[in-house]
Peer 1: 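Please find one structure pasted underneath; my questions will follow.
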Amino acid sequence: MSLEQFINEAISPWLKEDGPDSDIVMSSRVRLARNFEQSPFPLIADEKHMENILYFMEKEFNHRSYLQYKDLEFVKMAELKQVEKQVLVEKHLISPHLADKSKHGAALISKNEQVSIMVNEEDHIRAQLYFPGFQLEKALEQAFQLDDWLEEKIDYAFDENRGYLTSCPTNVGTGLRASVMMHLPALAITRKINRMIPAINQLGLVVRGIYGEGSEALGNIFQISNQVTLGRSEEDIIEDLKGVVDKLIEHERHARKLLMEQSELELEDRVFRSYGILQHSRIIESKETAKCLSDVRLGIDLGFIHHISKSILNELVVLTQPAFLQQYAKKMLTPNERDVFRASLIRERFTLEQKEEY
Amino acid sequence: MECQECKQNPATVHFAQVINGEKTEIHVCQQCAKEKGYVSQEEDAYSLHHLLSGLFNPKPNAINHQSHKTAGKELQCDKCGMTYQQFARIGKFGCASCYHTFSEHLNPLFRKVHSGNTAHEGKVPKRVGSDIYQRKKLRDLKVKLQQAIAEEAFEEAAKIRDEIRSLEKNLNHHEERDDS
C-alpha cells in the first residue's frame, strides 16, 4: 500500500534519479493554487463545504493515473497520526499548514511521489510537481497538463482580469510558485551569499531555508522562488527564476574553484572532519548533521570522497529529521534520545554503504 | 542570559518543565527551542501574512468616506459574509466573490505585492474560461496576422485570417446564446 511507502521510505522515488546540474540544484518544484468557483475558501468554509470538496476529490481522482504519475492515492489528514503527518511534511509531500491547521485536509500523492495535490489547504487545490535537478520548464509544462486534467472535472474560480482567484492576495493571478532547492556551500563558506540575497530579493524572488518561510538555511540548502504571481505569464516567471538560478550556479562553481585553488588542504580537512563526525559520533543534533552532510556532499562534488553516493546524503537529510527518526524508531523519542538515535542511524547507514562497496 | 543549549545566542524562550515532580527551568534561544521541539516548527510560517496585513488601508472608515456606495454601511461580501475590515485584518479573501466586492480597493494592494501589476497575464482555464480563452487567442492571432502581413507572408496570413473568422463566428454565436 502506498501510504506505507510514503511514510516509511525516506527518499521519494523521483529523487533517486539525477537531474541536470544536480551537483548544485537538488530539485525543482512548480506549485499551482486553484479554487472551486462555488465554494468559500477553506479558511472560512463550514464543515459541509469542506466535506463536499473532499468527497468530490476522492470520488473523481482517487487511484486515477495521469501521464507517468500513477495511481494517485487519496490520503486524508484526519486518518493520520501526528508523526505520520510530520513525516509527509519532512518529505515535502504536504505543507506544515495542511498537517497542523487543516481539519478537512487531504492529499492526492502519486506512486512515484512526484505529484502531490493538497486538498483544503489554504486554497481548495494546491497541485505541486517535483523534478530532480534543474528542470523548471519541464515541471511547468507538466504542471499545465496536470492542471488541464484537473480542470476537466473542476470549475475553477477564475476572473478574466485577476486570473486564478486564491485565498491569499500573494498568490492571485497565475497561482504559480516555482522554486528550486540549491546546495550552495562555497557561497556560504565565503559569505558571498549574504551579499547576493538582497540583490535577488530586488528581482522579485525570495530566498529561504529548506523548510520555507522563516526557516534558516540548514546545511547550506537554499530555496529560491518567485514572489510575484500577478501580471506576468507563467513562462516569464519561470524565465526570470531560471536566469537567477543560472547565475547562482555560475557563482557557486566559481567560488568552489577559487576555494580549491586557494585553500584546498583546509577544504579537504573540513570535508573529512565532517565525514569523521558522521561516521563516529554517538550524539548528534540535526543542525550539526545538516552541516556535516553539506560538507560531505561538497567533498563528493570536489572529488575528495569517491566511495559514497550522493543519494545516501539525500536520504540522510530526510531520515535524520525528528518525525522520521521517531517513525523509524517506532516510538516517541525525547530530544536527547533523538540525538543518540540519529547518530547511530547515520553510523549504520554509512557502514551499510561500505559493505555494499566491497 | 545566554541560551543553555548552544551557549551562543541570547535566550528568548523561557519556561519550566516538570518531569516526575522535578521542576527544571529552561532558557533557550528560538533556534534551539525549535531544534529541541520546545516550540512548533512553523510558529513563524505566517510572518509574511502578518507583514502583508500592514499593507491594507489601516482605516476602514476612511474608505467609507471615499466610496459613496458604501457610505454609512460597511463593505461586505454577500456570498461569504466577509467584511472589508475582516479582510484587512486577516489578509485573506473568503471566497471568489470577495474579489468583486472589494474590487475597488484591490489595485493599490496588488500593486504593492506584485511589483506594480494589477491584471492577470497568463494561463486561462480551457473550459470555465472558454470564451476568455478564445478571446485571448483571437487577440494573439490578430497580432500574428499583423506580423505575417509585415513579413509579406501572405499564404500564412490568409490561414490566420480564416482562423480569426471562424473564432469570431464562434464567439458571436456564444454571445447571442447568452443574450437569449
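Order of the sequence lines fixes the chain letters, A, B, ..., with proteins taken first and strands second; residue numbering starts at 1 for each chain. Side chains included, hydrogens not; waters and symmetry mates left out as well; all remaining heavy atoms used.
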Peer 1: Given the options A:S95, A:A45, A:P40, A:G175, which has more heavy-atom pairs under 4.5 Å with chain B than any of the others?
Peer 2: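 Going by pairs under 4.5 Å, I would pick A:P40.
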Peer 1: Sort out for me which of A:P42, A:G163, A:A157, A:G204 touches chain B most, counting heavy-atom pairs under 4.5 Å.
Peer 2: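 Of the options given, most contacts go to A:G163.
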Peer 1: Between B:K92 and A:E122, does any NZ, NE, NH1 or NH2 come within less than 4.0 Å of an OD or OE carboxylate oxygen?
Peer 2: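 Counted as a salt bridge, because a side-chain N and a carboxylate O are separated by less than 4.0 Å.
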Peer 1: Is any side-chain heavy atom of B:K79 closer than 4.5 Å to one of A:Q38?
Peer 2: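 With C-beta onward as the side chain, the pair touches.
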Peer 1: If you count the non-hydrogen atoms of other residues, nucleotides and ligands that lie under 6.0 Å from CZ in A:F56, is the total more than 12?
Peer 2: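 Atom CZ in A:F56 is crowded, with more than 12 foreign heavy atoms closer than 6.0 Å.
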Peer 1: If you count heavy-atom pairs under 4.5 Å between each of A:E152, A:E160, A:R232, A:R34 and chain B, which one has the most?
Peer 2: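 With the most close heavy-atom pairs to chain B, the winner is A:E160.
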Peer 1: Might you point out which heavy atoms bring B:E121 and A:E234 nearest each other, and give the distance in Å?
Peer 2: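 Taking B:E121 first and A:E234 second, the nearest heavy atoms are O-OE1, 4.5 Å.
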Peer 1: Is there side-chain contact between A:D159 and B:H100, with at least one heavy-atom pair below 4.5 Å?
Peer 2: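 When only atoms from C-beta onward are counted, B:H100 and A:D159 do touch, with a gap below 4.5 Å.
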Peer 1: Would you name the heavy atoms of B:T118 and A:R162 that are closest together and state the gap between them?
Peer 2: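 Looking at all heavy atoms of both residues, the closest pair is O-NH1, 2.8 Å.
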Peer 1: List the atom of A:P169, the atom of B:G91, and the distance in Å for their closest heavy-atom pair.
Peer 2: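 Looking at all heavy atoms of both residues, the closest pair is CD-O, 3.0 Å.
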Peer 1: Please report the shortest heavy-atom distance between B:C80 and A:I44, naming the atom on each side.
Peer 2: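 Scanning both residues, the minimum pair turns out to be CB-CD1, 3.6 Å.
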Peer 1: Does any non-hydrogen side-chain atom of A:N35 lie less than 4.5 Å from one of B:F93?
Peer 2: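 B:F93 vs A:N35: side chains apart.
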Peer 1: Determine the option with the most heavy-atom pairs under 4.5 angstrom with chain A, choosing from B:G122, B:C95, B:G81.
Peer 2: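 That would be B:C95.
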Peer 1: B:V113 versus A:V228: any side-chain heavy-atom pair under 4.5 Å?
Peer 2: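 No - every pair of side-chain heavy atoms lies 4.5 Å or more apart.
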Peer 1: Under a 4.5 Å heavy-atom cut-off, does chain B meet the side chain of A:E235, its backbone, both or neither?
Peer 2: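 Answer is neither: A:E235 stays 4.5 Å or more from chain B.
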Peer 1: For a quick test of reading the model, state the closest non-hydrogen atom pair linking B:V124 to A:Y164 and the distance between them.
Peer 2: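 Closest heavy-atom pair between B:V124 and A:Y164: C-OH, 3.5 Å.
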Peer 1: Should the heavy atoms of other residues, nucleotides or ligands under 6.0 Å from CD1 of A:I283 be counted, would the total exceed 12?
Peer 2: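 Not buried by this count: 12 neighbours or fewer within 6.0 Å.
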Peer 1: So do the side chains of A:V172 and B:H114 get within less than 4.5 Å of each other, counting heavy atoms only?
Peer 2: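 Touching, per the 4.5 Å side-chain cut-off.
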Peer 1: Using a cut-off of 6.0 Å, state whether more than 12 heavy atoms not belonging to A:K153 lie near its atom NZ.
Peer 2: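 For A:K153, atom NZ is crowded (more than 12 foreign heavy atoms under 6.0 Å).
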Peer 1: Can you name the nearest heavy-atom pair linking A:C168 to B:Y99, along with the distance?
Peer 2: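 Looking at all heavy atoms of both residues, the closest pair is O-OH, 4.4 Å.
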Peer 1: Are the side chain of A:N161 and the backbone of B:A119 linked by a donor-acceptor contact shorter than 3.5 Å?
Peer 2: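 Not a single qualifying donor-acceptor pair exists.
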Peer 1: What part of A:T166 gets closer than 4.5 Å to chain B, counting heavy atoms only: side chain, backbone, both or neither?
Peer 2: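 Contact with chain B involves both backbone and side-chain atoms of A:T166.
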Peer 1: Does B:K123 qualify as a cation-pi partner of A:F144, given the criterion of NZ or CZ under 6.0 Å from the six-membered ring centre and within 45 degrees of its axis?
Peer 2: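 Yes, B:K123 sits over the ring of A:F144.
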